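Following: one structure in structure tokens, then a few remarks.
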Amino acid sequence: MFNLTSSLKENIKLFKDIFRNDNTLVTREFQNQENPEYRFCIFYMDGMVDANTITNNIIMPIMQIQKDIIKSMDFFAMQVILSSEVKKSQEFMEIVDSIISGDTIILAEGLSEALIVSTKGYKTRNIEEPQIEKTIRGPKEGFTESLIINISMIRRKLQTRDLKFEYKTIGTKSQTKACICYLKGVAEEEIINEVNRRIDAIEIDGILDVKYIHELIDERGQSIFEMSGETEKPDILASKLLEGRIGIFLDGTPDVMTVPLLFIENFQAAEDYYTNYYFGTIRRLIRMLGFIITTSFPAIYLALVTYHKEVLPAPLVLSIFSSRQGVPFSTAVELLGLFIAFEILIEAGARAPGYIGQTIGIVGALVIGSAAVEARLVSSAMIIVVGISSVSSLMLLDIKSQSVILRFMFILCSAVFGIFGYIMALTTLFIHLFSLKSYGVLYMSTINSIYGKDLKDTYIRGPRWYIERIKLGGKK
Amino acid sequence: MSRNNLLLGLIILTVFLSGCWDYREIEDVFLVSTIALDKDKNTKEYILNVEVIDAGGGGASIELNPIVMEARGITIVEAVRNLISLTTKTPYWSHVSIIIISQDIAREDITPVLDWIARSPELQLKLRIFISKEETAKEILNQDLKFTKIRIFEYENMRRSFKYLSKLPDIKVNKVINEVQRKELYPVLPTVGIIDLHGQTAAQFIGSAYFDKGRLIGILEPIDTMKYLFIVNQIEGGVLTIPTDEDDKRVTLDINRNHTRIDIDLIDGEIQISVDIKPVVNISEVDDGIDYTSAEGRTILKEISDRYLENEIKIFIEKMQKESGLDIFAFGSKIMKKHPNIWKEVGDSWSEIFSDLDIKVTSDIRIKSSQHTTTPIGVEVE
């Protein structure tokens, strides 16, 4: 279809036609100072390039060539252009793609070829401490939106030939660069191939966040649980790579996806490994307790108070009894209503700008806390149940949304069938969890083991000298 | 029908056929805390007195008000139902911890009461039955509480500390039901009475009453109850006061723990029962000024205490053998378990055989400490 000709004028017209109505395309024509008959033209996208590089390393050397000019692109590539990456090309579409991605194109009068010079340069965010995965001890740096900076951060942590990066381009319109990263010999070939296969099969116009990849390549199922994890810290990714997992970077996202994901990873935090292992174990157990509390506590409370009062000791029954006096709603409605109110507060807090955020806290504490109790719209016991359950869910951000869904499911089952309904729901949950597979690896693997040695880094965080790194699939 | 539909059907059946159905808001029920059962001598009606707890307050404050209500019925359940006609909410029986039964009912038969408790879906088998030593049971319920407003709290707390007193048995109703149904067992239930307290009256939980099947036979005094508890190995605390000289000066021993062993032997075809008591005690009060902490003193004290305890318990057993001939100590049950063959022979006439048995009692007290001081106050210090 389109072919470069030896006429510079025609070539320039060709590019201008392609980028019609795109005013960010910069065209610059110039001549050699000694021999004005040698005419050149460069194209680049404004804002995608480093203008200094173009001026000093492309335009200046070409303008100022003193010696005889050989009419060949090879000559310019080898002897004139000062750039670390220069490529000769005749493929029109490749040239266009390079312009879009921030390279500069050099055309010369009389030559039907173009030089692609790497001049990418655009503003990126500085490396900052990540907002979500904060730690008190341990490395503070977090990934940025720049793919290459992210890759360099991992490269610095794992300086081995075995660390492999495979580029992929996803998105017919966005042409977003992704990168699959793994440790050869540690990660299982099968999983690598599986990930490659799934990413290649993606069909989408644009991809803006790594979450898109999650949903596109995870096991297709109706599960509320996610089969791949995310991290925004290089040290966490490095440790996952060492355990045989695969990381997937996406340009423009500060989150890196890791596969496969095991259930237990939701309860592990990097800090477990940066603090004393006794303390690490306690905190991990507290996180697990938190998961149980946030999902089950309201449902159990509801079942006990409405169906199985005989289980509760008399003083507790009497204090709940007393606090429910005058409350117009049934316990189930009260519970669901308060949880919805709490979720509204969280959502409002997350969306509202900082200066309004404080108001939300005060209003939430006053209205939902004391005023509702004093107006006898809710009982004070319920505030405690909802409070502790909601706060526990904030401890586990990785499965917070799942906790909320489970909590509502459990509450509904409890409201209809009592503790029996809760047990049924719990059984269903376990059956579901144990049937899940993440990229061929059982989602619940290692947790269900009955051998102590498999549990060194699950419920407890064993000391570093005691746990070898647990490799996926059991290969050392 | 497809496989999925079948599965769905199964799940629905499982859930709906076995789920819990009694969704009741907690504020829609009255919590019953204590029950007192009497019987009208003329009309033969049961008189049911219950203390239910109502709550005022609401919101952040807690305010609990006990209300005593009375209902009558020709059977207990009828009385229970008649109670509904007096209340705004349904009574909820799960937290009843104490049922007080009048002596009239107890002397007649307590099995209807036990039957009602065992059948009730709400009443729990861990509750305790007390026998009123007064005219009626409801008198006890009408006594003012001294420490809390709610009987269920007061009585539960009291009951938990009974083991430091060891003057009344702690027996759950499921055990009573079991013992009533068995030939060789005789339940012994705790009793409650009313005493004067600075012009006021108060309920006092002390002593016990022993039963033959469902009928009350006799009352045991507190001190006898303690001896009974020694024999059946239920002593967890309490004190022994040992007279040490003719002036009736005494040494008080605080029982730390106790183990009683009952041995049953056959010597020349005769049943030999020996009761072996091994209390561990602290010296907690010495009135006669003798230093019992020396090796010599300890030997003397041990000797006196052992003889005293053996004698007292022996007298108590003989009294029981003579008075009622009931084997409330469950020796028969021990024989049945250890020597079932012999039990086959003696089981039917066990009461008579028991009355004539010569039961050996031995005591082996271990004095563990003298608590905070060694020498008794009043002894001149050199």
Side-chain angles (χ1 to χ4, degrees), chain A residues 299 301-335 369-384 412-428 431, chain B residues 7 10-34 51-66 89-98 120-127 148-157:
Chain A
Y301 173 84
L302 177 64
L304 292 190
V305 172
T306 55
Y307 287 97
H308 319 281
K309 298 169 201 67
E310 66 274 10
V311 183
L312 301 169
L316 186 58
V317 167
L318 287 174
S319 94
I320 296 170
F321 175 61
S322 177
S323 76
R324 288 234 355 116
Q325 289 304 307
V327 176
F329 307 113
S330 72
T331 312
V333 172
E334 198 186 358
L335 196 58
S370 47
V373 173
E374 269 164 34
R376 294 191 189 172
L377 286 175
V378 291
S379 64
S380 45
M382 189 60 76
I383 292 279
I384 297 168
L412 285 180
C413 288
S414 267
V416 184
F417 300 112
I419 202 82
F420 176 81
Y422 166 73
I423 299 285
M424 291 296 278
L426 199 67
T427 314
T428 316
I431 293 173
Chain B
L7 204 67
L10 279 178
I11 290 173
I12 288 174
L13 281 183
T14 331
V15 170
F16 278 86
L17 290 182
S18 47
C20 316
W21 290 105
D22 54 340
Y23 184 100
R24 255 191 300 173
E25 289 296 341
I26 204 161
E27 71 271 17
D28 293 343
V29 296
F30 271 134
L31 208 72
V32 180
S33 91
T34 313
E51 187 198 72
V52 298
I53 301 162
D54 187 25
S61 66
I62 289 180
E63 197 185 308
L64 300 169
N65 308 309
K89 307 168 182 175
T90 356
Y92 188 68
W93 302 82
S94 279
H95 289 84
V96 174
S97 63
I98 287 176
S120 164
E122 287 183 2
L123 284 168
Q124 298 195 5
L125 288 176
K126 64 177 186 189
L127 60 82
T148 56
K149 266 176 81 180
I150 311 294
R151 224 159 281 268
I152 195 170
F153 295 164
E154 179 117 342
Y155 289 172
E156 267 304 289
N157 290 341

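Only heavy atoms go into these numbers, but all of them, side chains included; no hydrogens, no water, no symmetry mates. These numbers were taken from a predicted model, which means no experiment stands behind them. Order of the sequence lines sets the chain letters (A, B, ...), proteins ahead of strands, with each chain counted from 1.
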Open item on the list: Any donor-acceptor pair under 3.5 Å linking the side-chain atoms of B:E25 with those of A:T331?
Closed with: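 A donor-acceptor contact under 3.5 Å links the two side chains.
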
Using 0.5 Å steps for rounding, measure from the [atom1] atom of [X] to the [atom2] atom of [Y].
X: B:I53; Y: A:F321; atom1: CD1; atom2: CZ; result: 8.0 Å
X: A:E310; Y: B:Y92; atom1: CD; atom2: OH; result: 4.0 Å
X: A:S322; Y: B:D54; atom1: OG; atom2: CG; result: 9.5 Å
X: A:S323; Y: B:E27; atom1: OG; atom2: CD; result: 9.0 Å
X: B:I26; Y: A:S319; atom1: CD1; atom2: OG; result: 8.5 Å

TODO: Under 4.5 Å heavy-atom distance to chain B, tell me which part of A:A332 shows up: side chain, backbone, both or neither.
DONE: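 Both parts, backbone and side chain.
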
- [ ] Looking only at non-hydrogen atoms, find the nearest pair between B:F153 and A:A314 and report the distance.
- [x] CE2-C, 4.2 Å

TODO: Could you pull out the closest heavy-atom pair between B:Y23 and A:Y307, with the gap in Å?
DONE: N-CE2, 3.4 Å

- [ ] Using atom types as modelled and distance alone, determine if a side-chain donor or acceptor of B:H95 lies under 3.5 Å from a backbone N or O of A:K309.
- [x] yes

TODO: Kindly indicate whether the side chain of B:L31, heavy atoms from C-beta on, has any atom under 4.5 Å from the side chain of A:L318.
DONE: yes

